[in-house]
Protein chains: 2
Amino acid sequence: MKGYLTYLILWNLSQTRMNGAQITREFEKRRGTKPSPGTIYPALKELKTKGLITVDNKKTYSLTIDGENELKSACKLFCKIFYDAKEMSEFCK
Amino acid sequence: MKGYLTYLILWNLSQTRMNGAQITREFEKRRGTKPSPGTIYPALKELKTKGLITVDNKKTYSLTIDGENELKSACKLFCKIFYDAKEMSEFCK
DNA sequence: TGATGAATATTGGGTAACCGATAAATATAA
DNA sequence: TTATATTTATCGGTTACCCAATATTCATCA
């Protein structure tokens with residue numbers, strides 16, 4: 001299960017502003033394992049380059065307007081692909 | 001968003017037995033675009049090699065016991081990673 | 001102030017995941 | 001049967017995705 005990292009960074013930042021370490025902990029909760037710094041910071045850098053997130057002087061990241069729009073599209077696609085996620089959660093009980 | 005294909009093949013086969021063309025159509029519905037045959041058949045082959053699915057003489061694929069167990073674990077992980085999928089679906093409305 | 005740990009960042013890959021092109025097998029029907 | 005479409009399969013290649021290792025900056029407090 002790869003490929004969801006960037007998407008989840010945007011999603012997390014849409015809920016609350018965070019720094020890199022907080023994002024890392026968030027992923028640890030979700031996946032069980034900590035993502036490597038070599039995973040998280042290049043990802044943040046790329047998102048910044050694309051203008052989807054911004055950083056303040058305290059290294060706190062937050063979504064831009066473009067980032068929110070991007071997340072919205074990604075979110076729509078996610079929900080379309082996994083439209084039956086509810087049944088999945090029943091299945092694995 | 002990559003990495004969910006194998007997982008969704010297992011999930012689809014847990015719902016109903018299917019051949020390669022049907023699986024392809026299922027993905028077209030979910031993603032909007034058809035996966036290439038170069039995507040779907042090697043994936044099926046690998047799952048068969050791993051003993052997670054079987055094929056009958058009509059090329060109809062179905063889950064094995066191992067496949068069902070594997071799916072269950074993958075499903076649990078999926079639900080853990082995307083535990084707030086419901087809020088996501090609200091977000092992108 | 002200096003030291004120690006935490007957070008941030010970069011670099012250089014490795015490989016899983018997927019695709020396009022092509023070919024072969026199978027089904028459908030004319 | 002012949003022809004046409006559909007399905008199945010393989011192969012080579014590309015890239016997205018992520019990691020480990022290392023370096024640097026920052027924060028905290030003795």
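Computed over heavy atoms, backbone and side chain alike; hydrogens, waters and symmetry mates excluded. Letters go in sequence order (proteins before strands), and every chain restarts at 1.
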- Query: Under 4.5 Å between side-chain heavy atoms, hopping through other hydrophobics if needed: is there a path connecting W11(A) to V55(A)?
  - Reply: yes

- Task: Tell me, with the steps shown, if D56(B) and R17(B) meet salt bridge (charged side-chain N to carboxylate O under 4.0 Å, His left out).
- Result: CA-CA 10 Å; D56(B) 66 12; R17(B) 299 152 48 81; 3.0 Å; yes

- Any side-chain N or O of R25(A) under 4.0 Å from OP1/OP2 of dA7(C)? yes

- Give a yes/no verdict on a cation-pi contact between K48(B) and Y61(B), requiring under 6.0 Å between NZ or CZ and the six-membered ring centre and an angle within 45° of the axis. no

- Closer than 4.0 Å, any side-chain N/O of Y61(A) to the OP1 or OP2 of dT8(C)? no

- Within 45° of the axis and under 6.0 Å from the centre of the six-membered ring of F27(A), does NZ or CZ of K34(A) qualify? no

- Query: Less than 4.0 Å between a side-chain N and a carboxylate O, is that true for K86(B) and E90(B)?
  - Reply: no

- Query: In terms of ring plane angle, is the pair F78(B) and Y7(B) parallel, tilted or perpendicular, where the classes change at 30° and 60°?
  - Reply: parallel

- Query: Are the side chain of T64(A) and the backbone N or O of L52(A) linked by a donor-acceptor pair below 3.5 Å?
  - Reply: yes

- Along DNA chain D, first and last positions that approach a heavy atom of chain A under 4.0 Å: dC17(D) to dA21(D)

- To the nearest Å, how far apart are L47(A) CG and dT8(C) P? 15 Å

- Given atom CG of N19(B) and atom C1' of dT26(C), what is their separation to the nearest angstrom? 12 Å

- Rounded interatomic separation in angstrom, taking CG from N57(B) and C1' from dA27(C): 14 Å

- Query: Rounded to the Å, how far apart are M18(A) CE and dA7(C) C1'?
  - Reply: 15 Å

- Item | Per-nucleotide protein contact string for nucleotides 12-22 of chain C, where B marks a base within reach and S marks sugar-phosphate only (heavy atoms under 4.0 Å, - for neither) | -----BSBBB-

- Does a salt bridge link E26(A) with K29(A), judged by any charged N lying under 4.0 Å from a carboxylate O? yes

